[in-house]
Colleague: 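Here it is, the structure, as structure tokens.
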Protein chains: 2
Amino acid sequence: MKVTIKEVARAAGVSIGTVSRVLNGKDRVSQATRARVRAAVESLDFKPDLTARAMIHKQTQSIGLVVPALTNEYWSALAEYVQEAAWNKGYTMLLCTAGYQLEKHLSCIQTLIDRKVDGIIAGIRLNDPLEQDQLNLDTWPNVKMVSLVQGLPNTLLVGVDQHTSSIRAVEHLIGLGHRSIAYIGHSADREMGYRHALELHGIQVAEELIVRGDGSFQSGHHGVMQLKEQGAAYTALFCWNDMTALGALQACEAIGLRVPQDVAVVGYDDIPMAKLVKPALTSVHQPLQEIGRTAVHRLLDLIAGEEYSATSNILFDAELVIRDSCGSRLRNKI
Amino acid sequence: MKVTIKEVARAAGVSIGTVSRVLNGKDRVSQATRARVRAAVESLDFKPDLTARAMIHKQTQSIGLVVPALTNEYWSALAEYVQEAAWNKGYTMLLCTAGYQLEKHLSCIQTLIDRKVDGIIAGIRLNDPLEQDQLNLDTWPNVKMVSLVQGLPNTLLVGVDQHTSSIRAVEHLIGLGHRSIAYIGHSADREMGYRHALELHGIQVAEELIVRGDGSFQSGHHGVMQLKEQGAAYTALFCWNDMTALGALQACEAIGLRVPQDVAVVGYDDIPMAKLVKPALTSVHQPLQEIGRTAVHRLLDLIAGEEYSATSNILFDAELVIRDSCGSRLRNKI
DNA sequence: TGTGGTTGTAAAAACGTTATGACAAACATT
DNA sequence: AATGTTTGTCATAACGTTTTTACAACCACA
């Protein structure tokens, strides 16, 4: 059956404490016994029980990752990079998919804490942005946590500056001559960037061009349909994310709007699919691998005892990848 | 700090054993003390340490999932469904991405075992199908494991009959009049189905129409290019999976082959992207959610002590979803 | 008033490690 | 030769639970 340290000790003719000291190299052990213990460990193929070890060290060498869903490529890619970075540091990753409801997110975090993960990387994204404000992480004052989205208080943030990058995306459209730019998506940071960009260029924000969507493919489709129903006039569309943009693309085709001739579309996230659809989608690219890796490394720093400070937040630069969905030449102003 | 059972016992004025017995309801405890303990637990917000509990029960209430990558939608969707099913049963999921090399797969499994997961769901897929045969899981004779891919000996299989469904896919092409059907992909079960289907309909297998690919987008692209270089003549293309098919689609467009007019394309997996590309991809749809859920439930059965037998393998039926990438009318035979 | 069976609880033994304290043995210092 | 100092090792105590054993207290029945 399972071989324990006790049997190794017996085989090597020493006490269990000595075996432990050989294995952990903490204390002085003579060459002779060290060799004998090593041999015994080898021949019995002994591996310390991590459960027992965790109980003493109060560390499980594992981290938790909470994401809304893996069916969204953005999160699945991030999950892979986080897992990989954690693995390279000798940590395993517990994964929870929490959907887009606050309650499930919280119960995921609670469960991970109960499971004694050493730290948590939280990709919290809620349907209702109002809930984001209600989110209170002070329930777990001592938990090491890194957040992947802006807006969680008292938590180390690793991500991109969504406000600035949204401005850049919308400015791209403005630069192409667009004045009536619609928006489909959440009402958080990216919408603020959208509004800000318009204001910066003296374009009045038209509330009828703003449609709420939850970031799903369907929401993009639905958004375009809703704009049509409302008889909204627009020549460009800024979407909260690529899935939304893809849905919008499909809806545009369905109602005979040509992209980019009739309407220019910009997405956000630059998921792999973005370059594969026709027309290829112009999108804001986030350095996901770097984000994932950095999130893990910073989390391990926190676990190692480093103090959190708001200034240590890390915001990567997001790059606008220009493809075919906006056309390229200046258009007539309306 | 951390509140232990000891403090609960002191608060309630009983022994720790009694507290434990109240919490687990194993043994008889008088109503009076039961209430007192309950109150103490409540007021101190005591939660049993799962690490300590795991050490006694030798169960961690967690399972491991090994998949090649999450950047493939097939695996990311499966991962989400597995996580969800596990969560609903009170289990957490450790996730490992293992790439497509045998060695990494094995080290992932070993790590999960070391971490004391109660069972493992293995989505092993290797670049080199020869390695699949070398794969020896007897190294871990007592590990509860469910496999998501055919070909692992002595392991409960939950998946779809890839051979039969591949035959069905190729027969769809044959039914449309195609006689020269190329194949891009691995050399395992799906290729066997391809060969078998051709033989069934008296079509000789042309080795020059078979190109190796690893299932990536690039491999599909590269496959079509290679067929062109070889001057291969074909009117239809059966791809090992959808990512391959998407790559093939892009390559076809690049070299001026119209789909479906010049070449019909069939994929496998029916990833979400399949219905979004132009032309929408005809593909073999696997009931992923059901597979994920069933894999978890069967694994829990194994953990509960049920015996493995080859006859308990579960193969779901895969359905061919016909979209636009094959056209619809019979074509002239070459 | 014994005897025998419940019932409730405490005390102690496990689970498999790591960390601590004590103690010989070897060696160096006066 | 007496006294420190280092070195190697062994017991033993943690860690926080669950499980087992033991044993009082109570009740019923003769």
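Below, chain A is the first sequence line, B the second, and so on; all start at residue 1. None of these values were measured; they are calculated from a predicted model.
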Colleague: Are B:Gln110 and B:Asp114 close enough that a side-chain donor and a side-chain acceptor fall under 3.5 Å?
Modeller: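 Short answer, yes.
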Colleague: Side chain of B:Val14 only, please: which of D:dC10, C:dT17, C:dA10 is the nearest?
Modeller: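 Closest of the options to the side chain of B:Val14: C:dA10.
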Colleague: Is it true that A:Ser20 and A:Asn24 share a donor-acceptor pair across their side chains at a distance under 3.5 Å?
Modeller: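 Present: a donor and an acceptor within the cut-off.
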Colleague: Return the value, rounded to whole Å, for the distance between atom CD1 of A:Ile16 and atom C1' of C:dT18.
Modeller: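 The answer, rounded to whole Å, is 9 Å.
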Colleague: Consider the side chain of A:His57, meaning its heavy atoms from C-beta on, and name the nucleotide among D:dT18, C:dT17, C:dT18 that approaches it most closely.
Modeller: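 The answer is C:dT18.
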Colleague: Go through the steps for A:Val3 and A:Asp45 under the test side chain to side chain contact (heavy atoms under 4.5 Å, CB included), then give the verdict.
Modeller: CA-CA 8 Å; A:Val3 39; A:Asp45 190 31; 5.7 Å; no
Colleague: Pick base, sugar-phosphate or nothing for B:Thr4, based on heavy-atom distances below 4.0 Å to the nucleic acid.
Modeller: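 Counting heavy atoms under 4.0 Å across all strands, the contact made by B:Thr4 is with sugar-phosphate only.
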Colleague: Does a nitrogen or oxygen in the side chain of B:Lys58 sit under 4.0 Å from OP1 or OP2 of C:dG16?
Modeller: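 Checking B:Lys58 against C:dG16: at least one side-chain N or O falls below 4.0 Å of OP1 or OP2.
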Colleague: Can you measure A:Lys6 atom NZ to C:dG16 atom P for me and round it to whole angstrom units?
Modeller: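 One finds 7 Å between P of C:dG16 and NZ of A:Lys6, rounded.
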Colleague: Is the phosphate of D:dT9 approached by A:Ser30 (side-chain N or O, under 4.0 Å from OP1 or OP2)?
Modeller: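 Answer yes for this pair, as a side-chain N or O of A:Ser30 is under 4.0 Å from OP1 or OP2.
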Colleague: If I take atom CE in residue A:Met55 and atom P in nucleotide D:dT18, what distance separates them, rounded to the nearest angstrom?
Modeller: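 In whole Å, D:dT18 P lies 11 Å from A:Met55 CE.
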Colleague: Taking B:Arg298 first and then B:Glu306, would you say they form a salt bridge - that is, a charged N and a carboxylate O separated by under 4.0 Å?
Modeller: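 Judged by the 4.0 Å cut-off on N to carboxylate O distance, B:Arg298 and B:Glu306 do form a salt bridge.
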Colleague: In whole Å, I'd like the distance from the NZ atom of B:Lys116 to the P atom of C:dC15.
Modeller: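 About 14 Å, once rounded to whole Å.
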Colleague: To the nearest Å, how far apart are A:Asp49 CG and C:dT17 P?
Modeller: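 Going from A:Asp49 (CG) to C:dT17 (P), I get 5 Å.
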Colleague: Distance check: side-chain N/O of B:Thr18 vs OP1/OP2 of C:dG8, anything under 4.0 Å?
Modeller: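 Checking B:Thr18 against C:dG8: no side-chain N or O falls below 4.0 Å of OP1 or OP2.
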Colleague: Give the rounded distance in Å between these two atoms: NZ of A:Lys2 and P of C:dC15.
Modeller: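 After rounding, the gap between these two atoms is 13 Å.
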Colleague: So, does B:Arg28 get its side chain near the phosphate of C:dT7, meaning an N or O under 4.0 Å from OP1 or OP2?
Modeller: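 False: B:Arg28 side-chain N/O out of range (4.0 Å or more) of C:dT7 OP1/OP2.
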Colleague: Once you round it to whole Å, what is the distance between P of C:dA19 and CG of A:Asn24?
Modeller: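 Computing the A:Asn24:CG to C:dA19:P distance gives 6 Å.
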Colleague: On the nucleotide D:dT9, are OP1 or OP2 found under 4.0 Å from the side-chain N or O atoms that A:Thr33 carries?
Modeller: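 Yes.
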Colleague: If we count only N and O atoms by modelled type, under 3.5 Å, do the side chains of B:Gln83 and A:Thr97 hold a donor and an acceptor together?
Modeller: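 The answer is yes; a qualifying pair exists.
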Colleague: Side chain of B:Val29, heavy atoms from C-beta onward: which of C:dT9, C:dA10, C:dA19 has the nearest atom to it?
Modeller: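 Taking heavy atoms from C-beta onward, the closest nucleotide is C:dT9.
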Colleague: Measure the distance from CZ on A:Arg21 to P on C:dT17 and round it to the nearest whole Å.
Modeller: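 Checked: the CZ to P distance equals 16 Å.
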